[in-house]
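Working notes, beginning with the structure itself.
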Amino acid sequence: MWKLKIGSDTVREGGDQQWLRTVNNHLGRQVWEYHPELGTPEELQQIEDARKAFWDNRFETKHSSDLLMRIQFARESPCVTNLPQLKVKDAEEVTEEVVTTTLRRAIDFYSTIQAHDGHWPGDYGGPMFLLPGLVITLSITGALNAVLSIEHQREMCRYLYNHQNEDGGWGLHIEGPSTMFGTALNYVSLRLLGEGADDGKGAMGLARKWILDHGGVTAITSWGKMWLSVLGAYEWSGNNPLPPEVWLCPYSLPVHPGRMWCHCRMVYLPMSYLYGKRFVGPITPTIQSLRKELYTVPYHEVDWNEARNLCAKEDLYYPHPMVQDILWASLHYVLEPVFMHWPAKRLREKALDTVMQHIHYEDENTRYICIGPVNKVLNMLCCWAEDPNSEAFKLHLPRLYDYLWIAEDGMKMQGYNGSQAWDTSFAVQAIISTNLAKEYGPTLRKAHEYIKDSQVLEDCPGDLNFWYRHISKGAWPFSTADHGWPISDCTAEGLKAALLLSTLPTETVGESLDRKKLYDAVNVTLSLQNDDGGFATYELTRSYRWLELINPAETFGDIVIDYPYVECTSAAIQALMLFKKLYPEHRREEIENCIARAAEFIEKIQATDGSWYGSWGVCFTYAGWFGIKGLIAAGRTYEDCSSISKACDFLLSKELASGGWGESYLSCQNKEYSNLKDNRPHIVNTAWAMLALLGAGQAKKDPTPLHRAARVLINSQMENGDFPQKEIMGVFNKNCMISYSAYRNIFPIWALGEYRCQCDEQYRMWKSMDTSCDILQEPRVDIYFCKLHNVACSSSGRLQ
């Protein structure tokens, strides 16, 4: 039976301890281990039932419900509640009793799946191109069976078969249609994991047929070409150049890689090393077989020059512009032949040394976790290519487990080493919003400790300009302090959570974060504002939008530079405004100027229909929540800000006839609002829209949409207080979806909490006036609150 271990419990004495580095005793680390002796027959049957249910419904339900973790926590920390499950019929009003009972049941349950170190673990999978990189790297380095037990490999195969589409292919992500990138790499992964070419009860043959019917792997994307090249199943001459010499160019050049978005440069950094060396792993019988299985012509007859620019139409989200084709052709035909021969080859060697310096710097400053899963395995492969016996390679190995997550759909590689700090900051705000914080002191106290201990306490060492790094002292990461990369919105949400917790009694939530550390968080936040007033993700925007013309990744959009986003900008506004209220004298003028410029940026980037495009969540409902809340925090109101009123009109126009909101990931791809199939509501979209409208004062105008939305959330709650996992709600780079499994719990709590408190506030204000509803400006609001609180009104609107 699989067991999730947390924090210091993940480190085995006498095992991998010597190869693991940490700044805070591995706080937040999540590792799944297999223990054959664990589990009662009933528990093991429960797991098998969950696996079978997923398999039977895999084409309709693509997302796991994270049941293995929930089964474990139900055993270790069972949810005990005497509160009844309540439902609200269409003709019934939503009463305070129903809302409060739903909230208590929700937080009771959510508290039971909190880890002992204070964070909430969960599935952060979704992309289908991550696991292949891990399998290919371990296969090349000969570490596959040493790192991955038979049980690991079995669960990885389960995952891949579970997410194979009906046509035999795999998508870019779990809900996506089949692509060559996804299909070829996952087919190769299964072969490397020991599956035969005709195994899987026909699944492998069906996958191979999809590949060949769509032109063979010469039509795979550039990232796929690179992976197959290092494996030896594709030739480097079929790749467009990735010259490492670009790292030797002066930083003043707009195209210098140090100016790129950090995720982009950290992926192309090791790619350029592998390309510069033309690295190829051992050619095994399996690789020789793949050369026969994946092509429509014999391997020796492939036109590799033509293959350089081939890409299947199913994969082509960002077609190469002509300027890019000219650039690659020039590098391929002119510069590359020069760099491959003396004396220019010495420059190639110098460039490779420089690249490896930057790879080692990234590894060491993330404790070998690395910024993400793609550069994690690429950096590891580069360390092995440099020296198979190196300490760096050995330090990489135990950190692979940080990325692995198992659920009823199998074992996947996550899009990060988790979303620990991000989810915990949101969860704290959600619970506090309910005005029930005193009832959940132990939960908030543990979360508070995690937030305090996850803050980044130091900048990276050395000359930050030389390493192209921004300051990080005072920031919060997305996951763990060991990961350490600072992010603007993670810092803002961490700061908000810490500030809100500081307003609660210390006997309830523990000691507040040290004032100096709050100041450090403000400092790093202010440092991340761009000249246009907006906030990007990890760093300042360092180059120009036209640089996207050389985006070589056909599958992703907007990857080359770190763009400013409404989400990051709004989060910064909200955090700084809350800080200013509690610490009004600290850098007041700078903070006020920052907020004013940021609010102007949010207004400037709003679309004419009142929407904002969401770059990190699905999609317009997510961005609408941030856009409205940012402007409200900056002092704008519905009455004096047309941006807020237009945004509310947009959201209200997308409300479903049945109540609530349900937005498809297609909104992200197509940049146009799309409902879910059959116009189904989604609890997360519904909660985001509710929070946006509540923030704008919708309860004072017409609460009917909020009432309908609250009914959707209440009626969605499960018997144990949990909420169901529905369609995927995270996104990156326009085209790839990612799972935020905690959102199903966090945002219904948050939305219903805000809803409850605003209703209570309206009712108290109204009752204190001791007057009739009909003399107020919004009489139907107050009649509605009469119903909400079960207070009798006379026909004239007076309290009885």
Side-chain angles (χ1 to χ4, degrees), residues 79 81-111 426-440 443-444 625 655-656 658-661 681-724 743-767 778 780-793:
C79 181
T81 180
N82 297 319
L83 297 173
Q85 182 180 14
L86 301 177
K87 302 291 184 182
V88 183
K89 297 179 181 178
D90 288 346
E92 293 179 342
E93 295 293 341
V94 181
T95 67
E96 183 186 17
E97 178 189 2
V98 170
V99 175
T100 304
T101 298
T102 302
L103 283 169
R104 286 194 171 108
R105 294 180 75 251
I107 305 173
D108 284 347
F109 173 82
Y110 199 46
S111 297
F426 272 161
V428 164
Q429 295 176 70
I431 294 171
I432 291 175
S433 78
T434 66
N435 207 22
L436 300 172
K438 291 182 179 179
E439 299 180 25
Y440 296 97
T443 299
L444 289 173
W625 171 47
E655 185 194 12
L656 299 171
S658 59
W661 286 258
H682 194 296
I683 55 173
V684 177
N685 296 127
T686 297
W688 286 336
M690 277 184 75
L691 287 165
L693 293 169
L694 284 163
Q698 183 67 31
K700 299 177 182 178
K701 303 171 187 65
D702 179 6
T704 306
L706 300 174
H707 182 50
R708 288 194 292 258
R711 184 187 294 116
V712 168
L713 299 183
I714 291 165
N715 290 343
S716 296
Q717 191 175 41
M718 299 161 65
E719 186 176 355
N720 64 353
D722 199 2
F723 286 91
Y743 284 8
R744 66 197 258 199
N745 300 100
I746 291 170
F747 286 105
I749 292 171
W750 200 340
L752 288 174
E754 295 274 0
Y755 174 79
R756 173 181 181 266
C757 292
Q758 284 207 23
C759 293
D760 280 348
E761 182 180 356
Q762 290 291 316
Y763 173 62
R764 286 194 300 271
M765 289 174 58
W766 171 44
K767 188 174 181 181
E778 305 286 351
R780 58 184 168 167
V781 175
D782 299 290
I783 293 172
Y784 166 74
F785 285 116
C786 281
K787 295 176 179 177
L788 180 72
H789 292 277
N790 290 320
V791 178
C793 280

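Quick caveat, the model's predicted, so the values are computed rather than measured.
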May I ask you to decide if the ring planes of Phe747 and Tyr743 are parallel, tilted or perpendicular, using 30° and 60° as cut-offs? perpendicular
Kindly compute the distance separating CG (Leu86) from OG1 (Thr101), expressed to the nearest 0.5 Å. 5.0 Å
Side chains of Asn715 and Val88: does their closest heavy-atom pair fall under 4.5 Å? yes
Could you check if a side-chain atom of Thr443 sits within less than 4.5 angstrom of a side-chain atom of Ile107, using non-hydrogen atoms only? no
Nearest heavy-atom approach of Arg756 to Thr100 is NE-OG1, 2.8 Å
Could you please spell out the steps behind the side-chain contact (heavy atoms from CB on, under 4.5 Å) verdict for His707 and Tyr755? CA-CA 9 Å; His707 182 50; Tyr755 174 79; 3.6 Å; yes
Partner set under ring pair (Phe, Tyr, Trp, His ring centres under 6.0 Å) for Tyr110, not counting sequence neighbours: Trp120
Just by modelled atom types, is the Ala430 backbone N or O under 3.5 Å from a matching donor or acceptor in the Ser433 side chain? yes
Just grab all the ring pair (Phe, Tyr, Trp, His ring centres under 6.0 Å) pairs involving residues 89-109, residues at least two apart or on different chains. none
What residues, two or more places apart in sequence or in another chain, satisfy side chain to side chain contact (heavy atoms under 4.5 Å, CB included) together with Asp108? Cys79, Thr81, Leu83, Tyr440
For Trp661 and His682: C-alpha separation, side-chain torsions, deciding distance, then whether side-chain contact (heavy atoms from CB on, under 4.5 Å) applies. CA-CA 6 Å; Trp661 286 258; His682 194 296; over 6 Å; no
Test side-chain contact (heavy atoms from CB on, under 4.5 Å) applied to Met690 and Leu713, step by step: CA-CA 10 Å; Met690 277 184 75; Leu713 299 183; 3.6 Å; yes
More than 12 heavy atoms of other residues, nucleotides or ligands under 6.0 Å from NZ of Lys87: yes or no? yes
